[in-house]
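To start, the structure itself, in structure tokens.
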Protein chains: 4
Amino acid sequence: MAGFEERDRREDLLIAAQQVFGRYGYHDATVRAITETAGCAAGTFYLYFASKEDCFLALVERLYERIMAAVVEARRGAAHASDKLYRSLWAVVDTLAADPELARVVMVRAAGAGSWLEERLWRLHDTFAEFIAQDLEESGLDPVEARTGARAWFGALNELVGVWARRPPEAGATPTLEEEVGRIQRLFWRGWGLPWPETPVHSPRPAGSA
Amino acid sequence: MAGFEERDRREDLLIAAQQVFGRYGYHDATVRAITETAGCAAGTFYLYFASKEDCFLALVERLYERIMAAVVEARRGAAHASDKLYRSLWAVVDTLAADPELARVVMVRAAGAGSWLEERLWRLHDTFAEFIAQDLEESGLDPVEARTGARAWFGALNELVGVWARRPPEAGATPTLEEEVGRIQRLFWRGWGLPWPETPVHSPRPAGSA
Amino acid sequence: MAGFEERDRREDLLIAAQQVFGRYGYHDATVRAITETAGCAAGTFYLYFASKEDCFLALVERLYERIMAAVVEARRGAAHASDKLYRSLWAVVDTLAADPELARVVMVRAAGAGSWLEERLWRLHDTFAEFIAQDLEESGLDPVEARTGARAWFGALNELVGVWARRPPEAGATPTLEEEVGRIQRLFWRGWGLPWPETPVHSPRPAGSA
Amino acid sequence: MAGFEERDRREDLLIAAQQVFGRYGYHDATVRAITETAGCAAGTFYLYFASKEDCFLALVERLYERIMAAVVEARRGAAHASDKLYRSLWAVVDTLAADPELARVVMVRAAGAGSWLEERLWRLHDTFAEFIAQDLEESGLDPVEARTGARAWFGALNELVGVWARRPPEAGATPTLEEEVGRIQRLFWRGWGLPWPETPVHSPRPAGSA
DNA sequence: CATGAATGAGACTTCATTCAT
DNA sequence: AATGAATGAAGTCTCATTCAT
């Protein structure tokens with residue numbers, strides 16, 4: 001039976017990278033700090049990643065995959081378009097909140113990561129914003145309005161996550177992020193003129209998913 | 001008559017720094033690139049700035065001063081609280097739009113600039129957000145709601161500026177920023193439940209302020 | 001069998017540093033010159049020393065340790081106080097003579113090494129002078145006289161080493177240093193009014209050091 | 001009437017250089033610090049000195065000239081060789097004590113001043129030591145003994161000046177230097193086997209000659 | 001004579017990446 | 001698969017010196 005004591009080195013490194021990027025930002029994070037955190041030698045890093053950039057990218061993509069998976073999962077059984085939207089947005093927030101360090105990495109610490117990497121980050125933002133935009137469109141908004149609205153929501157979330165992630169990472173999850181997001185959800189719903197969902201069942205993530 | 005061909009070196013350097021920081025981000029910008037852009041020797045940089053960090057900070061503070069000045073100016077003759085708010089927000093947008101490169105620097109490229117500098121940037125964000133929050137409070141919002149709302153607006157703007165600033169800086173001012181902002185202004189106004197100003201006289205910046 | 005061709009890099013660098021500091025003095029010695037002399041890349045230096053200062057300090061401390069060890073060794077079996085003193089002073093001289101380059105570094109080329117490093121050097125001088133002073137006191141000199149006398153001896157030695165070390169380091173050990181020192185030993189002994197040791201057995205250093 | 005308010009710029013600069021070299025040592029002293037202390041522009045320095053080295057050299061030579069002049073003056077009316085010697089040595093000490101900063105520059109802070117300059121400093125030492133040596137020879141010492149003895153005396157003095165000059169320059173002249181020197185004078189006199197002068201009239205310098 | 005802005009060589013140091021073991 | 005010593009390019013900053021005014 002494999003899988004026991006069969007720690008995946010790549011996984012160890014990604015976890016370490018998350019911590020280090022989260023704490024120091026892309027540029028100030030050193031490969032050495034990552035390998036030390038992971039408990040392996042410097043050279044080992046390059047058995048699993050082509051470069052520091054590559055590692056960062058893997059981290060970012062993993063986050064987006066998680067978000068997307070959570071969103072898809074959340075949309076099941078949604079009654080109508082605006083309900084799908086509502087659940088989607090909460091799925092995003094919950095995923096970020098479940099992994100503060102990762103959120104910190106992608107949302108706050110990514111800028112200044114160098115030309116093509118940054119480009120790639122923006123494209124991920126775009127993809128996601130477009131996703132939201134379509135929901136908004138289906139909910140009855142004008143296409144242009146929908147796209148701007150999606151970006152606005154994304155930006156607002158970004159800022160809140162930034163504020164929330166600013167405290168030292170040891171502080172653990174901050175309980176108010178969800179309240180804060182609750183407020184902007186209502187704000188945007190009114191702004192978009194959407195009907196507030198009767199059953200705001202928004203199930204927070206199960207504990208222990210870092 | 002002096003004053004002609006009397007280029008201010010510090011100014012030249014700040015302009016160059018704006019371009020270079022804007023294009024490469026804080027970390028990837030090199031002092032050499034700045035001095036080359038400014039057309040002077042490497043050492044000259046240090047006659048005007050104590051360090052790379054110092055130069056960046058000067059740039060940031062210049063932007064914030066401009067914004068604050070524009071806001072103060074815009075608020076004169078506002079009829080009531082929500083009108084002050086409305087004008088303030090437009091003043092911010094106009095200032096940013098007048099200087100796309102600078103906006104790009106501060107809004108998009110600042111992260112990863114190193115601990116205390118980043119801290120300082122956040123404090124500037126805080127100051128400004130608090131400013132908006134007070135207007136919202138005066139307009140009748142709950143204090144907590146006002147603070148979250150201010151941050152949300154700031155974040156939404158940030159994202160829009162980011163998208164808009166993403167194209168190469170040579171492209172010049174993008175005409176749609178103001179339209180985009182117009183949309184989110186309406187969105188937030190509805191979200192906040194504020195009355196839409198009858199005379200949305202929003203005077204775009206005077207020409208020639210790059 | 002390992003251990004052959006198993007050059008210690010740190011040792012190589014210290015040897016190179018000794019040469020370079022000795023030839024150019026602390027300030028004019030460059031890290032690059034040291035690594036080139038040691039035959040390695042510039043970055044390698046920082047695997048073994050935190051800084052240029054740190055490397056210099058290591059060199060200085062190594063010399064002082066050697067001197068102290070030699071002194072302690074030499075004092076064994078000394079009949080009385082002035083005999084201990086006599087042997088101690090010769091131990092110092094022999095250690096310096098065994099490693100002309102190192103002596104040159106510490107005695108002649110140390111000044112101008114920067115505030116706290118210089119302070120540290122002086123403290124080492126102090127420690128050693130105090131050591132001599134106590135022997136002098138035990139030999140019957142007045143405490144004040146003993147301290148001044150110790151410093152005088154140290155300074156006299158310093159000058160002689162300086163003169164002797166002034167020729168290019170390739171010249172190798174200069175045979176006259178010990179004769180010169182013999183002269184000032186007699187001079188000081190008479191000056192201090194101490195009895196000249198009957199058995200001036202002063203065993204020069206064993207061969208093969210440095 | 002010339003001479004009034006007709007400050008000599010070169011003199012101002014030398015005075016400033018004395019302070020700056022004395023405080024920071026040759027390498028850490030900057031030309032800018034010197035000109036700022038002298039109250040003139042950076043470029044002015046080069047109207048009076050070919051280089052930083054040249055300025056330092058001028059300072060050193062000035063000190064040696066002073067010493068030599070004082071020595072020559074002191075020797076007048078000396079009864080016999082050992083008396084000439086006695087007076088000469090005190091003349092040296094008095095000159096150094098009259099100008100602590102200058103002494104500090106030449107004695108303690110000169111090392112690491114760069115190849116040829118250092119060579120030059122040593123030659124000055126040599127000249128002076130030879131001068132003493134001849135007196136010793138005339139006093140009856142063996143030529144070799146005389147030369148070593150001269151150097152030893154010089155070195156001892158050097159160390160004492162170093163210790164004495166180590167405190168911050170603001171502390172002013174330290175009263176004990178002359179006492180200290182008195183002690184080593186007696187020490188060397190006994191060591192050399194010379195008769196102690198009956199009239200140890202050693203007139204300290206007149207006050208106010210910095 | 002005097003100025004002081006400008007220069008540019010060169011110093012120290014960091015760190016992503018490689019490669020022999 | 002893993003190591004970690006070694007590399008070397010590149011970055012920030014200092015400062016003696018020059019020269020147009």
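First the proteins, then the strands, lettered A, B, ... as listed; each starts at 1.
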task: Can you tell me the distance, in whole Å, between the OH atom of A:Y24 and the P atom of E:dA16?
output: 13 Å

task: Identify the heavy atoms of A:Q18 and A:D99 that sit nearest to each other, and give their distance.
output: OE1-OD1, 3.3 Å

task: Report yes if the side chains of D:R23 and D:D28 come closer than 4.5 Å at any heavy-atom pair, otherwise no.
output: no

- prompt: Just wondering, do B:D12 and B:R9 contact through their side chains at under 4.5 Å, heavy atoms?
  reply: yes

message: Testing the basics here: between B:H27 and B:K52, what is the closest heavy-atom pair and its distance to 0.1 Å?
response: O-NZ, 3.3 Å

query: Could you give the CZ-to-C1' distance, from B:R10 to E:dG4, as a whole number of Å?
result: 18 Å

field: Paired stretches of DNA chain F - 3 or more consecutive Watson-Crick or G-U pairs, each distance under 3.5 Å
entry: E:2-21 with F:2-21

message: Over 60° means perpendicular and under 30° means parallel, so tell me whether D:Y26 and D:F21 are parallel, tilted or perpendicular.
response: parallel

5'-most by nearest nucleotide on DNA chain F - A:Y48 or C:G39: A:Y48

query: Between F:dA1 and A:R9, is there an OP1 or OP2 to side-chain N/O distance shorter than 4.0 Å?
result: no

- prompt: To the nearest angstrom, how far is D:E36 atom CD from E:dA5 atom P?
  reply: 11 Å

Donor-acceptor list for residues 37-51 of chain B side chains, cut-off 3.5 Å, not counting sequence neighbours:
unit_1	atom_1	unit_2	atom_2	d
B:T37	OG1	B:A33	O	2.7
B:T44	OG1	B:A41	O	3.3
B:S51	OG	B:E53	N	3.4
B:S51	OG	B:D54	N	3.1

query: So which heavy atom on B:I34 is nearest to which on B:L13, and how close?
result: CG2-O, 3.9 Å

message: Return a single string for nucleotides 15-21 of chain F, one symbol per nucleotide in 5' to 3' order, where B is base contact, S is sugar-phosphate-only contact and - is none, cutoff 4.0 angstrom on heavy atoms.
response: -SBB---

- prompt: When we call it a touch if two heavy atoms are under 4.0 Å apart, what does C:F49 touch: a base, just sugar-phosphate, or nothing?
  reply: nothing

message: I want to check something: taking the side chain as every heavy atom from C-beta on, are A:Q19 and A:Y24 in contact at a cut-off of under 4.5 Å?
response: no

Distance-minimising heavy-atom pair for D:V60 and D:L124: CG1-CD1, 3.4 Å

- line: When rounded to whole Å, the CG to P distance for the pair A:D54 and E:dA16 reads 14 Å

query: Can you tell me how far P of E:dG8 sits from CD1 of B:I34, to the nearest Å?
result: 18 Å

